[in-house]
Amino acid sequence: MALQAPRGTRDLLPEETGQWQYVETTMRTLCARYGFQELRTPIFEYTQLFDRGVGSDTDIVEKEMYTFQDRGGRSLSLRPEGTAGVVRAFVEHHLEEAGLPVKLYYLGPMFRYERPQAGRQRQFHQFGVEALGSEDPYLDVEVIDLGWTILQALKIDAIRLEINCIGCHLCRPAYEKTLKTYLQDHRDQLCADCQRRSETNPLRTFDCKRSSCQAVLAEAPRISDALCDACQQHFETLCSGLDMLGIPYQKTATLVRGLDYYTRTVFEFKETLTAEAATVCGGGRYDHLVAEIGGKDQPGVGFGIGMERVMLLLEQASRMPSTREPIDVYVAFASPQQQGMAFDLVSQLRRQGVAAEIDHGRRSLKAQMRAAARKGVRLVLLLGEEEVAEQAVTLRDMETGAQRRIPRTEIVQLLHQQFSSPDAIELQMRGAVHEINGC
RNA sequence: GUGAGUGUAGUUCAGUGGUUAGAGCGCCAGAUUGUGGAUCUGGAUGUCGUGGGUUCAAAUCCCACCACUCACCCCA
């Protein structure tokens, strides 16, 4: 076997890139409608950014980062997620001067050193939004609404929205202490992982899927009972906002998420087609991340969508549109004597905005016709001895089989008219068929 | 990082120690001396994932590595 793409990476082939463009365009269009603007940040940053931003005791930073030294001895890391870079750019370029909140979106590859499997790769793609500089709960609603609307627009409806409020720096420490004490008291009923987590990050024990641990956690004190008044109020406003917009959701007291920077609101959109219910979109509020990264203490809220997971869901639901870029006209020639003239014709058509294609394999006319059919080309121009002698071309409609001879001086102009207006292509094509059939 | 399964033509797969490794689909050509998707006929495919070992003999058995898939961990 020759060289392959590195483990956990893959090529997006021409047959797929159209579908990606469709999904990306949907996201960009809706972002524009919600007032979010694109920000493009580097795919590598100083390692320190992710240590501070994502949290040095998260799995992402502990064992999943692609970290390397450049020739100047600097420690750099390929970005494992999008938020840290966006916040860094926000601080570095004083974007708050444009007026708060600053609403941004990003789209691009992320990197995590993990064992690959379906919907999980070492290089994957994330689309995400971040709204910085306001703690208004309606901003949370706006962000969740945007995520919801994007998934709806893509017709991903086998989806469940789970939300929770995990408190702020005022009320969470006390709750964590209470939870920790509770977990210590039931230590012998917990798995080894949870015993460890109960020390380092007690909230994360809620992520455990073991039924024995779940039984302990079912009786554990709830964050919802420990929220301060401000958090309680924030969460209630958020929920009533979602109710108002008619967005269905489920309050999940055990939803905590794996990144350290979240405060108050956390949410996930999970697909409901499989038992595992993989997260397609996850996000939340991070009210101190900006300060953590060195800016003024400013709140923020955002989410990330896994592009590969979106693609998987679209495929499973057979909702993937076919988006092959069409070729309008195929120019075929009968023998090598006509190749030059045929090539000139293709070139003229292209200059007039007509997507035209020609054979480069010196293949038989039959093979050229077959190629045209395979590409789904509607019209073929045929150039042979007779046509050259008559200074004409034969125009063939591949759907009806109708043919007509047309003077060379007219053909480019005729096709230019047929295909020049993108919106009118369908109508114009119908017109063309009638004309051809009429002969 | 842990555990399990898989790796044979472009593709889907058959072949479990014995000549020159097969089939469907696809591709190419011809039937149709200038015309596509149907039909018929013919043709080309391959370091049997890679490397080592056992054997008179390995796609087949053993080991290592690589890749893919699934589960765990965790997440998008």
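What you see is a predicted model, and the numbers here were worked out from it, not measured in a lab. Chain identifiers are assigned alphabetically (A, B, ...) following the order of the sequence lines, protein sequences preceding nucleic acid strands; residue numbering begins at 1 within each chain.
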Whole angstroms only, please: what is the [atom1]-[atom2] distance between [X] and [N]?
| X | N | atom1 | atom2 | value |
| --- | --- | --- | --- | --- |
| A/Leu13 | B/U11 | CG | P | 11 Å |
| A/Leu395 | B/G34 | CG | P | 21 Å |
| A/Gln121 | B/U69 | CD | C1' | 12 Å |
| A/Arg396 | B/G37 | CZ | P | 10 Å |
| A/Lys366 | B/U33 | NZ | C1' | 12 Å |

Taking atom types as they are modelled, is there a donor-acceptor pair under 3.5 Å from the base of [N] to the side chain of [X]?
| X | N | value |
| --- | --- | --- |
| A/Arg115 | B/U2 | yes |
| A/Arg120 | B/A76 | no |
| A/Gln368 | B/G34 | no |
| A/Glu268 | B/A76 | no |

Comparing nearest nucleotides in RNA chain B, the 5'-proximal residue of the pair A/Tyr262, A/Met369 is A/Met369
Could you tell me which nucleotide pairs with [N] by Watson-Crick or G-U wobble geometry, both distances under 3.5 Å, or answer none if nothing does?
| N | answer |
| --- | --- |
| B/U6 | B/A67 |
| B/A44 | none |
| B/A23 | B/U12 |
| B/G36 | none |
| B/A58 | none |
| B/G1 | B/C72 |

I'd like to know if the side chain of A/Arg309 reaches the main chain of A/Gly119, judged simply by a donor and an acceptor atom lying under 3.5 Å from each other, with no hydrogens or angles considered. yes
Is A/Glu38 salt-bridged to A/Arg40, cutoff N-O under 4.0 Å? yes
Salt bridge or not between A/Arg350 and A/Glu357? Use side-chain N to carboxylate O under 4.0 Å. yes
Taking every non-hydrogen atom, the tightest pair across A/Arg187 and A/Ser198: NH1-OG, 4.3 Å
Would you indicate which nucleotide in B/G34, B/C68, B/C28 comes nearest to any side-chain atom of A/Leu382? B/G34
Is the cationic atom of A/Arg112 (NZ for Lys, CZ for Arg) positioned less than 6.0 Å from the six-membered ring centroid of A/Tyr66 and within 45 degrees of its normal? no
So, is A/Arg10 near the phosphate of B/A67, with a side-chain N or O under 4.0 Å from OP1 or OP2? no
